[in-house]
Every structure is written in structure tokens, then in C-alpha cells.
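These notes are about the structure you will find just below.
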Amino acid sequence: MRIFDPHIHMTSRTTNDYEALYASGVRALVEPAFWLGQPRTNVGSFLDYFDSLLGWERFRAAQFGIRHHATIALNPKEANDPRCVPVLEEIPRYLVKEGVVAVGEIGYDSMTPAEDHAFSRQLELALEYSLPVMVHTPHREKLAGTHRTLDVVRESGIAPGMVVVDHLNETNVEIVKDAGAWMGFSIYPDTKMDEQRMVAILSRYGTERVLVNSAADWGRSDPLKTSSTAHAMLDAGFTADDVDQVLWRNPVEFYGQSGQLILDPIPGFHAAEPPNATAGFEGNSVLRGARA
């Protein structure tokens, strides 16, 4: 089984998690830029974080046989903080970096005018740089927020096939599907979506344009939820090809639109062997400076 986790925050995870991900079949992932929990107080904090995503975290994943990619953005929550908003002027130079496969996470948290501005501006950047978009739907008023999200996406002129609307559930999946966008689902221990509900959605709506992720972060979450969803699909009668479509081919198709996916095996890695702490070092290419 091969797995591509299209949304996981490895900055908040340990090397044990990387080892477990590799053992479960994960060979590639996307780490979206997000809120770190502690409010940032200046633009420099974002730049250090972006550099870490594109340098250190990429190298750390490679040590465990996993291809790491990132998305870059001002997230919705911090779009409301005037100290953070100037980072919008810095984001364009990161969108041309190796391994950046989308603009994200963008969208809504509280649906404020400040979030409207940041959302619209970053959709413009996605169009300008021909990148897909990862959209975060709000945890509160999710259905209303999804309707508003789809309206803004339509107004932007970006093709719906370049957009994944994430953190969906039973209340909003149908309107996203009807809009032609990709449908993203985060599988969590207690909230958002679990494996059985995910299987029921797949049974009803099919496996096309569906991305299943763990979204594992600082809170109570499980980086192996992609693997457990795959097994739940098989137990429910889905075929191995169905699982491969949802857990590998779909994220490859979506993020492949960036032209920045790197999916060839990391030199020195063999599936039958445990991770080698030196195997993923490919010279300066993995730790290439993010700031130019």
C-alpha cells in the first residue's frame, strides 16, 4: 500500500511519527503553512517558519524515506492580526521555491473583512503563479462558511479543479462536489471526521476528487489516520485500486498541477529496511536555502 498524506503538519510531530508513517506506507506528504498556536508578533516569524518548511522539515522527512512538500500562505486566523498581514508582500517569492505545491491554507476562520481581503489576495497569487489552492473551512458556521468560500472562489476566476476545500463533513460535501472543487477530509480521533463516516461518504459520493488526510498537528490527532482509513475502506468492500486512487493517485493528480511534485524514491532507501538517518541526505538540494 502506498500513501500520500495531502495535509499533515509535521512541524508538530516527532521523528517517531516519521518512522511510523514510513512503516504504514506513507511515501509523500504535503505540509500546509498554518497557525502555530502561539500568536506570531511579526513578519519575520513567518519567514523563519516558511524557511523551516522548505529546508529543515524537508530534510527531516527525507531521513525517513518520505518526500516532503509544502504550501505557503497567511492562514485565516492570523489574517485578523495587523502585525501579520504584511507577510502577504513576502509570500510571492516563496511560491516559486522547489517543493511548494499550492497556496494554503487560506479561507475563513471567523469570516471577517480582514479574512476576505487575505483570501481574495492569495487567490490572485495562486492565479498569477499557476498554483493549486488549499482552502480551510471554518470550524464554526461551517456550512455558511463553505457557501461563502465557494462564492469567493467563483469570483476569483480560478478553475474549481485547482481548489481543494478541506475539513469537510456531511453538511457541506455535496455543495463542494457540485461546485467542481476537490473535497478534502481530515480524519481525527474525536472531531472533524472518523474512518467509518469517511467510508460512508465515499460509498455515497464516490472516490473521484476526494483527498483524505490526517491533518495531524499540535492537538490530539493521529498521523496514521490515512492508513486506518485505507484499511476501513478495504473492510467495507472497496478494492485495493479504490484505496490507491483515494490515498495516492488523487493527491498526485491535484498537487501535480503545480509541476513541483517529487515522487521518485529517496536514494538509499529500501522498503525492507528500517529508516537510515543518513539515507535521505542528498547534498545541498534538500537543505537549499529558502530565502533568496
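Predicted, not measured: the structure shown is a model, and the values here were computed from it.
- In this structure, the side chain of Ser110 does not engage the main chain of Thr112 through any donor-acceptor pair within 3.5 Å.
- Val152 places a side-chain heavy atom less than 4.5 Å from the side chain of Tyr108.
- Leu263 and Phe254 fall within a single hydrophobic cluster, where Ile, Leu, Val, Met, Phe, Trp and Tyr side chains are chained together by heavy-atom contacts under 4.5 Å.
- Using a distance-only test at 3.5 Å, with no hydrogens or angles considered, no donor-acceptor pair links the side chain of His68 to the main chain of Val30.
- Residues Ile3 and Ser227 have side chains in contact (heavy-atom distance under 4.5 Å, counting atoms from C-beta outward).
- Asp48 contributes no side-chain N or O that, together with a main-chain N or O of Ser45, makes up a donor-acceptor pair within less than 3.5 Å.
- Under the 4.5 Å side-chain criterion, counting only non-hydrogen atoms from C-beta, Tyr205 is in contact with Val173.
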Report task. Give the intermediate values and the outcome of side-chain hydrogen bond (donor to acceptor under 3.5 Å, both in side chains) for residues Thr171 and Asn169. Result -> CA-CA 5 Å; Thr171 69; Asn169 59 31; 2.5 Å; yes
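- Between His7 and His9, the ring-plane angle classifies as perpendicular under the 30° and 60° cut-offs.
- To the nearest 0.5 Å, the span separating CD on Glu78 from CG on Asn80 amounts to 10.0 Å.
- Cation-pi geometry between Arg60 and Tyr18 is not satisfied (NZ or CZ under 6.0 Å from the ring centre, within 45° of the ring normal).
- In this structure a side-chain-to-backbone donor-acceptor pair under 3.5 Å is present from Asn250 to Val210.
- Contact of the Val153 side chain with the Phe119 side chain is registered, since non-hydrogen atoms from C-beta on lie closer than 4.5 Å.
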Report task. Please lay out, stage by stage, how Val101 and Leu261 fare under the test side chain to side chain contact (heavy atoms under 4.5 Å, CB included). Result -> CA-CA 7 Å; Val101 295; Leu261 280 184; 4.0 Å; yes
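- By the criterion of side-chain heavy atoms lying less than 4.5 angstrom apart, applied directly or through intervening Ile, Leu, Val, Met, Phe, Trp or Tyr residues, Val96 is grouped together with Leu74 in one hydrophobic cluster.
- Pairs of residues two or more places apart, or lying in two chains, that qualify as salt bridge (charged side-chain N to carboxylate O under 4.0 Å, His left out) and include a residue from residues 249-258 are Asp241-Arg249, Asp244-Arg249.
- Atoms CD1 and CZ, on Ile91 and Phe46 in that order, are 7.5 Å from each other to the nearest 0.5 Å.
- Counting heavy atoms from C-beta outward, Arg93 and Leu47 have side chains that approach closer than 4.5 Å.
- No continuous path of hydrophobic side-chain contacts links Ile262 to Leu29 [ILVMFWY only; heavy atoms under 4.5 Å].
- With hydrogens and angles ignored, the 3.5 Å screen pairs a side-chain donor or acceptor of Trp182 with a backbone N or O of Gly161.
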Query - Verdict with supporting geometry, Val103 and Glu124, side chain to side chain contact (heavy atoms under 4.5 Å, CB included) - result: CA-CA 10 Å; Val103 176; Glu124 291 174 358; over 6 Å; no
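- Side-chain contact check for His231 versus Glu195: every heavy-atom pair is 4.5 Å or farther apart.
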**Report entry** Test side chain to side chain contact (heavy atoms under 4.5 Å, CB included) applied to Ile8 and Leu21, step by step
**Finding:** CA-CA 11 Å; Ile8 182 170; Leu21 284 167; 4.1 Å; yes
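- The structure places CD of Gln260 at 11.0 Å from NZ of Lys97, a figure rounded to the nearest 0.5 Å.
- Between the side chain of Tyr255 and the backbone N or O of Pro6 there is at least one donor-acceptor pair closer than 3.5 Å.
- Put simply, CG on Asn75 and CH2 on Trp35 are 9.0 Å apart, with the number rounded to the nearest 0.5 Å.
- Tyr49 places a side-chain N or O within donor-acceptor distance of the main-chain N or O of Phe34, the cut-off being under 3.5 Å.
- Going from atom CG of Leu168 over to atom NZ of Lys177 covers 12.0 Å, rounded to the nearest 0.5 Å.
- Hydrophobic cluster membership differs between Trp248 and Val246, with clusters built from Ile, Leu, Val, Met, Phe, Trp and Tyr side chains linked at under 4.5 angstrom.
- For Glu141, the CD atom counts as loosely surrounded, since its 6.0 Å shell holds 12 or fewer non-hydrogen atoms of other residues, nucleotides or ligands.
- Here salt bridge (charged side-chain N to carboxylate O under 4.0 Å, His left out) pairs that include residues 200-213, with residues two or more places apart or in two chains, are Glu174-Arg204.
- A donor-acceptor contact shorter than 3.5 Å is absent between the side chain of Glu105 and the backbone of Pro32.
- Two residues are said to be in side-chain contact when any heavy atoms from C-beta on lie closer than 4.5 Å; His136 and Lys77 fail this criterion.
- Within the 3.5 Å criterion, the main-chain N or O of His167 finds a donor-acceptor partner in the side chain of Lys142.
- Checked by atom type and distance alone, the side chain of Glu31 pairs as donor or acceptor with a backbone atom of Thr11 at under 3.5 Å.
- When the side chains of ILVMFWY residues are joined at heavy-atom separations under 4.5 Å, either directly or via intervening members, Val133 and Tyr94 end up in a single hydrophobic cluster.
- Counting heavy atoms from C-beta outward, Met183 and Ile201 have side chains that stay 4.5 Å or more apart.
- Considering CG of Asp194 and NZ of Lys225, their distance stands at 7.5 Å, rounded to 0.5 Å.
- Side-chain contact, Asp5 with Ser214: a donor N or O sits under 3.5 Å from an acceptor N or O.
- Residues Asp151 and Arg148 are not paired through a salt bridge, judged by the lack of any N-O separation under 4.0 Å between the basic side chain and the carboxylate.
- No cation-pi contact links Arg27 to Phe4, judged by a cut-off of 6.0 Å to the six-membered ring centre and 45° from its axis.
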Requested in this report: Report the C-alpha distance between Met162 and Leu127 in whole Å, list the side-chain angles of each, state the deciding distance to 0.1 Å, and finish with yes or no for side chain to side chain contact (heavy atoms under 4.5 Å, CB included).
Outcome: CA-CA 9 Å; Met162 292 287 282; Leu127 276 166; over 6 Å; no
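- Between Arg67 and Asp264 there is a salt bridge, with a side-chain nitrogen of the basic residue lying less than 4.0 Å from a carboxylate oxygen of the acidic one.
- Looking at Arg140 and Asp109, a side-chain N of the basic residue comes within less than 4.0 Å of a carboxylate O on the acidic one, giving a salt bridge.
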